[in-house]
Trainee: 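Before anything else, here's the structure in question.
Whatever order the structure lists ligands and atoms in, that order sets their numbers, starting from 1.
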Amino acid sequence: MHPVNDLRWVKGRHGNVWEHQAKECQACHGTDLKVGSPLARVSAGRVFRIEDHQIVRLTKGQVVTCTLCHSWPRVND
Ligand code: HEC
Ligand code: HEC
């Protein structure tokens, strides 16, 4: 499992790790990355201030999909 509630992971590292371990990400975040799975449920409320104008809030129990914060990567189209 990767770091949770960590802005360094959210703003930086995960994109690079995805490049090398895509299948692992898909195992929890869903094959097409847009629907997610029960393995990607948020365990507590989170607020990520990505930029001053972009604040992402996750609520407990929500499934994290990859298209929640941006429109990439796309695997099926
Ligand atoms: C074992 C299952 C699992 C795998 C494998 C996994 N994730 Fe996650 N991911 C989760 C869960 C669960 C959360 C929600 C954590 C939380 O916020 O409580 C999450 C959240 C995230 C978040 C939001 C940050 C956060 O703290 O909620 C990002 C970004 C992310 N994952 C990217 C990735 C990437 C990229 C990969 C592949 C390198 C990946 N994940 C692999 C389970 C997984
Ligand atoms: C909580 C918000 C959030 C979630 C969820 C999230 N990302 Fe990201 N992702 C970001 C931010 C912020 C950036 C970095 C910077 C940007 O906007 O260019 C980024 C960057 C990336 C990059 C690098 C893009 C580039 O142009 O270099 C990739 C690849 C990526 N994410 C893949 C994923 C995958 C795969 C998942 C799901 C497993 C995911 N992201 C989920 C916020 C998120």
Side-chain angles (χ1 to χ4, degrees):
M1 185 60 198
H2 53 73
V4 166
N5 200 23
D6 182 345
L7 204 52
R8 286 167 303 179
W9 173 254
V10 168
K11 285 187 73 168
R13 284 184 41 227
H14 74 274
N16 196 21
V17 180
W18 153 260
E19 307 278 345
H20 299 99
Q21 301 174 24
K23 286 232 157 29
E24 289 176 33
C25 312
Q26 288 171 292
C28 291
H29 291 281
T31 307
D32 72 357
L33 306 178
K34 294 179 205 162
V35 178
S37 88
L39 296 174
R41 279 196 205 288
V42 177
S43 58
R46 319 249 179 245
V47 180
F48 296 113
R49 181 177 290 272
I50 292 171
E51 303 290 348
D52 284 343
H53 60 279
Q54 189 188 8
I55 297 171
V56 175
R57 293 172 202 280
L58 305 181
T59 54
K60 185 176 178 182
Q62 180 179 357
V63 168
V64 176
T65 68
C66 301
T67 47
L68 211 74
C69 308
H70 47 62
S71 57
W72 68 85
R74 297 186 181 280
V75 285
N76 290 332
D77 50 41

Trainee: Does some side-chain heavy atom of Val63 sit less than 4.5 Å from a side-chain heavy atom of Arg41?
Mentor: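 Yes, at least one pair of side-chain atoms sits under 4.5 Å.
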Trainee: Please list the nearest protein heavy atom to atom 27 (O) of ligand 1 with its residue and the distance rounded to 0.1 Å.
Mentor: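 That would be Leu58 CD1, 3.6 Å.
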Trainee: How many angstroms lie between atom CG of Leu58 and atom SG of Cys69, to the nearest 0.5 angstrom?
Mentor: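 Here the interatomic distance stands at 6.5 Å.
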Trainee: Are Arg46 and Val4 side-chain neighbours, meaning at least one heavy-atom pair lies under 4.5 Å?
Mentor: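 A side-chain contact under 4.5 Å exists here.
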Trainee: Near Thr65, which atoms of ligand 2 are under 4.0 Å from a heavy atom of that residue?
Mentor: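 Per the distance check, 5 (C).
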Trainee: Closest non-hydrogen protein atom to atom 26 (O) of ligand 1, residue and atom name please, with distance?
Mentor: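 Nearest protein contact, heavy atoms only, for atom 26 (O) of ligand 1 is Asn5 N, 2.7 Å.
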Trainee: Classify the angle between the aromatic ring planes of Trp9 and His14 as parallel (below 30°), tilted (30 to 60°) or perpendicular (above 60°).
Mentor: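 Aromatic pair Trp9/His14 classed tilted.
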Trainee: Residue-level breakdown please: for Val42 versus ligand 1, do any non-hydrogen atoms fall below 4.0 Å on the side chain, on the backbone, on both, or on neither?
Mentor: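 It is both backbone and side chain that touch ligand 1.
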Trainee: Quick one: nearest non-hydrogen protein atom to atom 34 (C) of ligand 2, plus distance?
Mentor: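 Going by distance alone, atom 34 (C) of ligand 2 is nearest to Cys66 SG, 3.4 Å.
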Trainee: State whether any protein heavy atom lies less than 4.0 Å from atom 7 (N) of ligand 2.
Mentor: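 When distances to the protein are checked, atom 7 (N) of ligand 2 has a heavy atom within 4.0 Å.
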Trainee: Identify, for atom 5 (C) of ligand 1, the protein heavy atom at the shortest distance, and state residue, atom and that distance.
Mentor: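 Nearest protein contact, heavy atoms only, for atom 5 (C) of ligand 1 is Glu24 O, 3.2 Å.
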Trainee: May I ask whether Thr67 has any heavy atom positioned less than 4.0 angstrom from an atom of ligand 2?
Mentor: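 In this structure, Thr67 fails to qualify as a contact of ligand 2 - no heavy atom is under 4.0 Å.
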Trainee: Which atoms of ligand 2 are found less than 4.0 Å from any heavy atom of Ile50?
Mentor: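 Per the distance check, 12 (C).
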Trainee: Treating Gln54 as the side-chain partner and Glu51 as the backbone partner, does any N or O pair qualify as donor plus acceptor under 3.5 Å?
Mentor: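 No: the side chain of Gln54 does not pair with the backbone of Glu51.
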Trainee: Looking only at protein heavy atoms, which one is nearest to atom 25 (C) of ligand 2, and what is the separation?
Mentor: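 For atom 25 (C) of ligand 2, the nearest protein heavy atom comes out as Trp72 NE1, 4.3 Å.
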Trainee: What are the atoms of ligand 1, with element, lying closer than 4.0 Å to any heavy atom of Val17?
Mentor: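 It comes down to these atoms of ligand 1: 38 (C).
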Trainee: One thing to verify: whether Asp32 and Lys34 come together as a salt bridge, which I'm taking to mean a side-chain N less than 4.0 angstrom from a carboxylate O.
Mentor: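 Judged by the 4.0 Å cut-off on N to carboxylate O distance, Lys34 and Asp32 do not form a salt bridge.
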Trainee: Under a 4.0 angstrom heavy-atom cut-off, which atoms of ligand 2 come close to Val10?
Mentor: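 The atoms of ligand 2 under 4.0 Å from a heavy atom of Val10 are 1 (C), 2 (C), 9 (N), 10 (C), 11 (C), 12 (C), 13 (C), 42 (C).
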Trainee: Should you measure from each heavy atom of Gly15, which atoms of ligand 2 turn up under 4.0 Å away?
Mentor: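 That gives atoms 22 (C), 28 (C), 29 (C), 30 (C) of ligand 2.
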Trainee: List every atom of ligand 2 that sits less than 4.0 Å from any heavy atom of Pro73, numbering the atoms from 1 in the order shown and giving each element.
Mentor: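 Every atom of ligand 2 under 4.0 Å from some heavy atom of Pro73: 32 (C), 33 (C), 34 (C), 35 (C).
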Trainee: Please give me the minimum heavy-atom distance between Arg13 and Pro3, naming the atom from each residue.
Mentor: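 So the minimum-distance heavy-atom pair works out to NH1-CG, 3.9 Å.
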Trainee: State whether the side chain of Ser37 and the backbone N or O of Gly30 hold a donor-acceptor pair below 3.5 Å, judged by distance alone.
Mentor: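 Not at all, since once roles are kept as given, no pair shorter than 3.5 Å links the two residues.
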Trainee: Is any side-chain heavy atom of Val64 closer than 4.5 Å to a side-chain heavy atom of Val42?
Mentor: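 SC-SC contact between Val64 and Val42 confirmed.
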Trainee: Heavy atoms only, cut-off 4.0 Å: how does Arg41 contact ligand 1, side chain, backbone, both, or neither?
Mentor: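 Near ligand 1, Arg41 shows its backbone, while the atoms from C-beta on stay back.
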Trainee: Hey, which of Ile55, Asp6, Leu7 is the one that makes side chain to side chain contact (heavy atoms under 4.5 Å, CB included) with Phe48?
Mentor: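 Result: among Ile55, Asp6, Leu7, Leu7 is the only option passing the side chain to side chain contact (heavy atoms under 4.5 Å, CB included) with Phe48.
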Trainee: Ignoring hydrogens, what is the shortest heavy-atom contact between Leu39 and Ala27? Give both atom names and the distance.
Mentor: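 Residues Leu39 and Ala27, closest heavy atoms: CD1-O, 3.8 Å.
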Trainee: Taking only heavy atoms of Val4, which atoms of ligand 1 are found under 4.0 Å from at least one of them?
Mentor: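 So the answer, numbered in order with elements, is 15 (C), 16 (C), 17 (O), 18 (O), 26 (O).
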Trainee: Quick test: of every protein heavy atom, which one is nearest to atom 29 (C) of ligand 2, and how far off is it to 0.1 Å?
Mentor: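 I find the closest protein heavy atom is Trp18 CD1, 3.5 Å.
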Trainee: Count, excluding waters, the protein N, O or S atoms that are closer to atom 8 (Fe) of ligand 1 than 2.8 Å.
Mentor: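 Every protein N, O or S atom under 2.8 Å from atom 8 (Fe) of ligand 1 counted, the figure is 2.
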Trainee: What protein heavy atom lies closest to atom 32 (C) of ligand 1? Include the residue and the distance to one decimal.
Mentor: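 Looking only at protein heavy atoms, the one closest to atom 32 (C) of ligand 1 is Trp9 NE1, 3.7 Å.
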Trainee: Provide the number and element of each atom of ligand 2 under 4.0 Å from a heavy atom of Lys11.
Mentor: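 This gives 14 (C) as the contact atoms.
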Trainee: Under 4.5 Å between any side-chain heavy atoms of Val10 and Val56, yes or no?
Mentor: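 Heavy-atom side-chain distance check fails, nothing below 4.5 Å.
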Trainee: Going by the atom numbers of ligand 1, which of them fall below 4.0 Å from some non-hydrogen atom of Ser43?
Mentor: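 Going through ligand 1 atom by atom, the ones under 4.0 Å from Ser43 are 16 (C), 18 (O).
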Trainee: Give the residue, atom name and distance (to 0.1 Å) of the protein heavy atom nearest atom 4 (C) of ligand 2.
Mentor: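 Checking every protein heavy atom, the shortest distance to atom 4 (C) of ligand 2 gives Cys69 SG, 3.3 Å.
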Trainee: Atom CZ in Arg57, atom CZ in Arg49: separation rounded to 0.5 Å?
Mentor: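 Output value for this atom pair is 8.5 Å.
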Trainee: Do His70 and ligand 2 have an N or O pair less than 3.5 Å apart?
Mentor: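 Between His70 and ligand 2 (N or O atoms, distance only) the closest approach is under 3.5 Å.
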Trainee: Is it the side chain, the backbone, both or neither of Leu39 that has a heavy atom closer than 4.0 Å to ligand 1?
Mentor: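 It is the backbone that touches ligand 1; the side chain stays farther off.
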Trainee: To the nearest 0.5 Å, how far apart are NE2 in His20 and SG in Cys25?
Mentor: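 The distance works out to 11.5 Å.
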Trainee: Give me the residue, atom name and distance of the protein heavy atom closest to atom 17 (O) of ligand 1.
Mentor: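 Atom 17 (O) of ligand 1 sits closest to the protein heavy atom Arg46 NE, 2.7 Å.
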